[in-house]
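Letters A, B, ... mirror the listed sequences (proteins, then strands); counts begin at 1.
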There are 2 protein chains.
Amino acid sequence: MKKTASELNGVKEIARRANVSIGTVDRVMHNRKGVSDATRLKIEAIIKELNFQPNKMASLLATRKNMNFAVLIPAVSEETDYWSYPLNGINQAAAETNQFGVTVKPYFYALDSKESFNRVAEEMLKDEPHAVLLAPSFVEDSQVLAKRINELGLPLAFINSDLAGQDNLTYIGPDLYQSGRLAAQLVSFSLKPLDKVLIINISADLRNDHHLVRKEHGFKKFFEETRSATHISTLNISETKVCVVEEALTRTLNADNTIKAIFVTNSRVNIVAEILKKHRRNDLLVGYDFLEKNIDYLKSGQIKYLICQRPKEQGYLGIMALYKHLYNVSEVERFVYMPIDIITKENYQFYNG
Amino acid sequence: MKKTASELNGVKEIARRANVSIGTVDRVMHNRKGVSDATRLKIEAIIKELNFQPNKMASLLATRKNMNFAVLIPAVSEETDYWSYPLNGINQAAAETNQFGVTVKPYFYALDSKESFNRVAEEMLKDEPHAVLLAPSFVEDSQVLAKRINELGLPLAFINSDLAGQDNLTYIGPDLYQSGRLAAQLVSFSLKPLDKVLIINISADLRNDHHLVRKEHGFKKFFEETRSATHISTLNISETKVCVVEEALTRTLNADNTIKAIFVTNSRVNIVAEILKKHRRNDLLVGYDFLEKNIDYLKSGQIKYLICQRPKEQGYLGIMALYKHLYNVSEVERFVYMPIDIITKENYQFYNG
DNA sequence: CTGAAAGCGCTTACAG
DNA sequence: CTGAAAGCGCTTACAG
């Protein structure tokens, strides 16, 4: 059944009105060269007049576009299953974009090894992806990598932590300062007048872990601004072994028995929980991340609050950002800050990570 | 450029292997009748062997499927902008599914009028939608409507509150009992030994507002289970006017000056906040929902915690569920419980509603 | 019960 | 610089 001229759809209708072939319309739509200014202008005017949006599905079908996205993130380790959550989100996005020809390939590096990071990055680049999702660790090495990716003209999305001065498409992750403030507020709600607060930073590489510093800063700032007289001290521990943490922590707690609340600036809060439990203490303990170990202590009451920043959603949104950019679905925001979630014993069941 | 026989794609390859035409393959794929058992079996075997998934985009393009989804939700009112959040989510989903031929049309009813609910429902049915997203109010009227929608064979998704015994595709919303428990836990973290707690239910239709009952129940249960000696009383107020609430509240608070914490079981917590502010009280106040008025009192410190259940995401997921079902994208879960979010002065900025 | 052909709306060589 | 034709993978009448 033929259509009357006036009810043609899409490119055909435009071609009819402009008195050209659909091939030429296509050329103008995609700013390809080889079209006279006169026809180009004429066609552009008609496109504008009709507010024409090309049919994405037809276009995808005709191009049989196939894109592979590389994902460079830490491997799930013995110590932490944190990275399984972003990976879940990434896989979900992969499943949803698969029908549009997207293939997602993850490359895992060891969180404690620069060598592994660089080796795996090389591997990834060799596979010539069309876009990269990166969780940057090792600031300098990540910067070098980001530069190379930029030079290749590939869209680059960061999750989990940002890298200043890079030409990346988007950053999707937490606002660390504000999460520290939130932790402080939660502590403040339960604190009695003379209680003291202890901040604990646990990291094998304290100097380079600017994450912890930003959280600590937010935490302290909250108490400053509320003109609280609460005494706050900081304990830095540069090893992640339980016995080392235990020794340092015990010494500190024994020296001052008015410490009633403890803020651990990362997911290692479970180490502190284990120690407090052993010593039958019941301090107000606040830490980070929806890890199995941490949830266990949440259930037992040893940890009161966990602060989480939707790691799964970060992964999901990271892939979707690349997809939306490359398939012209919509504009992508340069900064996407995750909501800061508070998890307790009474709501962890419904949290998806 | 012709392909060699062995690298045909999709239906063509299957047709070639089965020695039939692609039309017949299509019939089998969609379980249409008019195919001999022999050919059907042969084709099904090949489909299985190849693990063949038809190309969605091609299929969509060929069918030029156009679907209109009806959305029946309360209108945003003077009193509350709550329903603007689900609507945002719905609009976002509408934008994303639009390219697949989905049109979403919202129908708004007045939250306080059964008559309006039923009138607007009729309007909606007259437009003959292909699927319905419903936020049920007025239990009985909603049940009647749900039955009719079922009889029409239309997929039906509920958001915000469930309706028992209906043949709906999915329910996406909160677990009210658990949110009450969470409120109790938050209160308990700040409570001193002899402090008393007041629960306030404010609703023009207290008897039918089973929402409030479930939250209250969860709240009390938490204290029971933790074998707390905390005294908890309930104040029911069947009018939503500030002066009425003020009178009842003032009387209660004057009668017992050991009340230090107040749990308002719905979004009307801002009314209580206003009154407490006027009386220069600083009780620990916990309530529901990310409304502008509530956020204002969160900022001023009058409200300590707001419990929210992602209204925007409920709307978004509701539309996506209908879409996934009708376009065979994936299975839809029968129950989707939202995470229970805790909002305070220090994290509301990053909450999207 | 089955096949051949036209079509969905866009893209891509190819020819001129 | 431009057009005609074939094709993406699936669906839909129509004919037999």
Side-chain angles (χ1 to χ4, degrees), chain A residues 1-5 7-44 46-47 50-67 98-101 327-329, chain B residues 1-5 7-44 46-47 50-67 98-101 327-329:
Chain A
M1 77 215 118
K2 277 271 161 65
K3 299 187 174 181
T4 60
E7 53 181 34
L8 285 174
N9 276 327
V11 282
K12 279 189 199 160
E13 173 63 9
I14 299 195
R16 189 187 65 80
R17 296 201 184 201
N19 230 305
V20 297
S21 75
I22 58 171
T24 302
V25 173
D26 192 71
R27 286 179 192 105
V28 173
M29 277 167 50
H30 298 289
N31 292 313
R32 281 192 269 275
K33 37 194 280 184
V35 183
S36 74
D37 284 353
T39 25
R40 157 153 280 134
L41 257 30
K42 185 161 50 164
I43 294 176
E44 279 171 346
I46 297 174
I47 287 180
L50 264 47
N51 187 225
F52 169 65
Q53 305 279 136
N55 181 315
K56 208 118 242 154
M57 289 168 330
S59 147
L60 251 29
L61 186 59
T63 32
R64 282 149 306 158
K65 218 187 258 194
N66 271 18
M67 297 261 177
N98 177 58
Q99 57 179 316
F100 304 116
Y327 286 77
N328 284 308
V329 175
Chain B
M1 75 213 127
K2 276 273 162 64
K3 301 188 172 181
T4 61
E7 52 180 36
L8 285 175
N9 275 329
V11 284
K12 279 189 200 160
E13 173 64 11
I14 300 196
R16 190 187 65 80
R17 296 202 185 199
N19 228 305
V20 297
S21 76
I22 57 171
T24 302
V25 173
D26 191 69
R27 286 179 193 104
V28 172
M29 277 167 50
H30 298 287
N31 292 312
R32 282 192 269 277
K33 38 193 281 184
V35 183
S36 74
D37 284 356
T39 24
R40 156 152 283 132
L41 256 30
K42 184 162 51 166
I43 294 175
E44 280 172 346
I46 297 175
I47 287 181
L50 264 46
N51 188 227
F52 169 64
Q53 304 279 135
N55 181 315
K56 209 119 243 154
M57 288 171 329
S59 149
L60 250 31
L61 186 60
T63 34
R64 284 149 304 159
K65 220 187 254 196
N66 274 352
M67 298 258 178
N98 177 60
Q99 57 179 316
F100 304 116
Y327 285 79
N328 285 309
V329 175

Do B:Phe52 and B:Val11 have side chains that approach each other closer than 4.5 Å (heavy atoms only, starting at C-beta)? yes
Look at all strands and tell whether B:Met29 reaches a base, only sugar-phosphate, or nothing, counting heavy atoms closer than 4.0 Å. sugar-phosphate
With sugar-phosphate meaning primed atoms plus P, OP1 and OP2, does A:Val25 contact a base, only sugar-phosphate, or nothing at under 4.0 Å between heavy atoms? nothing
Tightest non-hydrogen contact, residues B:Ala15 and B:Ser21, listed as CB-C, 3.9 Å
Which distance, rounded to the nearest 0.5 Å, do you find between the CD1 of B:Ile14 and the CD1 of B:Ile47? 4.5 Å
Report the distance from atom CZ of B:Arg16 to atom P of D:dG9, rounded to the nearest whole Å. 15 Å
Looking only at side-chain atoms of B:Thr24, point me to the closest of C:dG9, D:dC10, C:dG3. C:dG3
Rounding to an integer number of Å, can you tell me how far B:Leu61 CG sits from C:dG7 C1'? 9 Å
CD1 of A:Ile47 versus P of C:dC10: gap in Å, rounded? 10 Å
How long is the span from the CG atom in A:Asn51 to the CD1 atom in A:Ile46, to the nearest 0.5 Å? 14.0 Å
Show me the side-chain donor-acceptor pairs of residues 35-44 of chain B shorter than 3.5 Å, one per line, residues at least two apart or across chains.
from, atom 1, to, atom 2, distance (Å)
B:Ser36, OG, B:Thr39, N, 3.3
B:Ser36, OG, B:Thr39, OG1, 2.5
B:Thr39, OG1, B:Ser36, O, 3.1
B:Arg40, NH2, B:Arg32, O, 2.9
B:Lys42, NZ, B:Ala18, O, 3.1

Between C1' of D:dG9 and CD1 of B:Ile14, the distance in whole Å: 11 Å
The correct set of residues in residues 33-42 of chain B placing a heavy atom under 4.0 Å from DNA chain C is B:Gly34, B:Val35, B:Ser36, B:Thr39
If I take atom CG in residue A:Leu60 and atom P in nucleotide C:dT12, what distance separates them, rounded to the nearest angstrom? 12 Å
According to a strict under-4.0 Å criterion, is B:Lys12 in side-chain N/O contact with OP1 or OP2 of D:dC8? yes
Nearest-Å distance for atom pair CG/C1', residues B:Asn66 and C:dG9: 14 Å
Report yes if the side chains of B:Glu13 and B:Arg17 come closer than 4.5 Å at any heavy-atom pair, otherwise no. yes
Which nucleotide wins on minimum distance to the side chain of B:Ala58, given the candidates C:dC10, D:dT12, D:dG9? D:dG9
Taking the side chain of A:Asn55 as heavy atoms from C-beta outward, which of C:dC10, D:dT12, D:dG9 is closest to it? C:dC10
With rounding to the nearest 0.5 angstrom, report the NZ to CG distance, A:Lys56 to B:Asn98. 11.5 Å
Against the side chain of A:Ile22, the closest entry in D:dT12, D:dG9, C:dC10 is C:dC10
Quick one: which of D:dT12, D:dC8, C:dG7 gets closest to the side chain of B:Arg32? D:dT12
Shortest side-chain distance from A:Arg27, nucleotide among C:dG9, C:dC10, C:dA13: C:dA13
D:dA4 phosphate, OP1 or OP2: any side-chain N/O from A:Ser21 under 4.0 angstrom? no
Least distance between heavy atoms, A:Pro54 atom then A:Met29 atom: CB-CE, 3.7 Å
Dot-bracket for DNA chain D, 5' to 3', counting Watson-Crick or G-U wobble pairs under 3.5 Å, with [ ] for crossing pairs and | for inter-strand pairs? |||.||||||||.|||
